[in-house]
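Here the structure is a predicted model, which means the values were calculated and not measured.
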Amino acid sequence: MALRLFASRAASRLGISLLPRSYATVVGDLKYTDSHEWVKVEGNSATIGITDHAQEHLGDVVYVELPEEGAAVSQGTAFGAVESVKASSDVNSPISGTVTEVNNEVGDSPGLVNSSPYEKGWIIKVDLSSSDELNSLMDADKYSKFCEEEDGKH
């Protein structure tokens, strides 16, 4: 019990939500889509990747299709794909904007999406077109509940 309390307090300080049972990690300061992408906005720049929940369901990622720098992305539309040993899945943009940087490391080492989905496994950075689009995304609590409900259906 003391260990669980310690872990809960540590996670809270780090901005991570710990879910009961073995649900995926959800980071507190990100926004999420119902197709399991995350976005972290800093000023006018947005970093985008797939969630821990998504990578767990995909299994070992073997290929990440990346867009070109300068490409336009639109909220809710695919800009790339992630392929695993189990499946292939489009990666949709949570927001609209222009791609300013792609993470070539995930192109060379796609397993980063599995081992570090919120840090080293990010996919693109975008110059944000409209911060108003963030209002349609889920915060960490809503996303956690969404994942619980979704997993309960399977």
Side-chain angles (χ1 to χ4, degrees), residues 10-11 14-19 22-151 153-154:
L14 294 171
I16 299 172
S17 297
L18 292 181
L19 298 172
S22 61
Y23 291 107
T25 302
V26 176
V27 179
D29 63 341
L30 305 179
K31 293 287 195 171
Y32 299 88
T33 67
D34 60 4
S35 55
H36 304 288
E37 291 85 16
W38 59 264
V39 60
K40 180 175 185 172
V41 177
E42 297 173 298
N44 205 38
S45 178
T47 304
I48 298 169
I50 68 167
T51 65
D52 190 35
H53 184 270
Q55 70 80 23
E56 280 185 359
H57 283 270
L58 282 168
D60 293 335
V61 174
V62 296
Y63 177 74
V64 179
E65 178 186 327
L66 300 168
E68 297 291 324
E69 287 184 20
V73 294
S74 298
Q75 186 178 45
T77 61
F79 65 79
V82 176
E83 294 180 15
S84 73
V85 294
K86 290 198 242 179
S88 178
S89 180
D90 285 340
V91 181
N92 299 319
S93 184
I95 47 89
S96 300
T98 304
V99 177
T100 58
E101 187 177 350
V102 298
N103 186 356
N104 290 314
E105 284 188 46
V106 297
D108 297 335
S109 300
L112 289 172
V113 171
N114 295 113
S115 63
S116 183
Y118 300 115
E119 294 175 12
K120 294 180 182 178
W122 62 272
I123 299 174
I124 61 172
K125 293 191 179 188
V126 173
D127 186 23
L128 191 63
S129 291
S130 171
S131 60
D132 291 342
E133 290 180 334
L134 297 170
N135 296 329
S136 65
L137 303 175
M138 292 179 269
D139 64 16
D141 289 337
K142 286 183 183 174
Y143 181 68
S144 294
K145 289 176 185 155
F146 173 79
C147 291
E148 280 185 53
E149 291 170 7
E150 186 177 74
D151 286 350
K153 293 177 184 175
H154 300 325

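Summarising the geometry of V113 relative to G121, their closest heavy-atom pair is CG2-O, 3.9 Å, with the distance given to 0.1 Å. Across all non-hydrogen atoms, the minimal contact from A140 to G28 is CB-CA, 3.8 Å. Heavy-atom minimum distance, P67 versus V99: CG-CG2, 4.2 Å. In this structure, S84 and L58 approach most closely via the heavy-atom pair OG-O, 2.6 Å. Closest approach of G107 and P110 over heavy atoms only: O-CD, 4.1 Å. What you find for Y118 and L30 is that their closest heavy atoms are CD2-CD1, 3.5 Å.
Contact check for S96 versus E133: side-chain heavy atoms found under the 4.5 Å cut-off. V27 places none of its side-chain heavy atoms less than 4.5 Å from the side chain of W38. V64 places none of its side-chain heavy atoms less than 4.5 Å from the side chain of V91. When side chains are defined from C-beta on, I95 does not count as touching S129, because their heavy atoms never get closer than 4.5 Å. Taking the side chain as every heavy atom from C-beta outward, V41 and S131 never approach each other to under 4.5 Å. Proximity of I123 to F79: side-chain heavy atoms (C-beta onward) are separated by under 4.5 Å at one or more points. Taking 4.5 Å as the limit, every side-chain heavy atom of M138 sits out of range of all side-chain heavy atoms of S144. Put simply, the side chain of N103 does not reach to within 4.5 Å of the side chain of L66, judged on heavy atoms.
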Requested in this report: Let me see the working for S136 and Q75 under side chain to side chain contact (heavy atoms under 4.5 Å, CB included), right down to the final yes or no.
Outcome: CA-CA 10 Å; S136 65; Q75 186 178 45; 3.1 Å; yes
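Interatomic distance, CD of E148 versus NE2 of H53, reported as 9.5 Å (0.5 Å rounding). Summarising the geometry, atom OG belonging to S45 is positioned 7.5 Å from atom CG belonging to D127; distances are rounded to the nearest 0.5 Å. Note that OG1 of T25 is 4.5 Å distant from CG of D52, once rounded to the nearest 0.5 Å. Summarising the geometry, atom CG belonging to D139 is positioned 11.5 Å from atom CG belonging to D29; distances are rounded to the nearest 0.5 Å. Here CD1 of I48 is found 11.5 Å from NZ of K125. Values are rounded to the nearest 0.5 Å. With rounding to the nearest 0.5 angstrom, the CG atom of N114 is 7.5 Å from the CD1 atom of I50.
Using modelled atom types, no side-chain atom of S116 and backbone atom of L112 make a donor-acceptor pair closer than 3.5 Å. At distances below 3.5 Å, at least one donor-acceptor pair connects side-chain atoms of E37 with backbone N or O atoms of N92.
Within a 6.0 Å sphere centred on CD of E119, other residues, nucleotides and ligands contribute 12 heavy atoms or fewer. The environment of CD in E105 is sparse: at most 12 heavy-atom neighbours from other residues, nucleotides or ligands sit within 6.0 Å.
Inspection of the Y143 and T51 side chains reveals an N or O donor paired with an N or O acceptor under 3.5 Å. Side-chain N/O atoms of H57 and E150 include no donor and acceptor closer than 3.5 Å.
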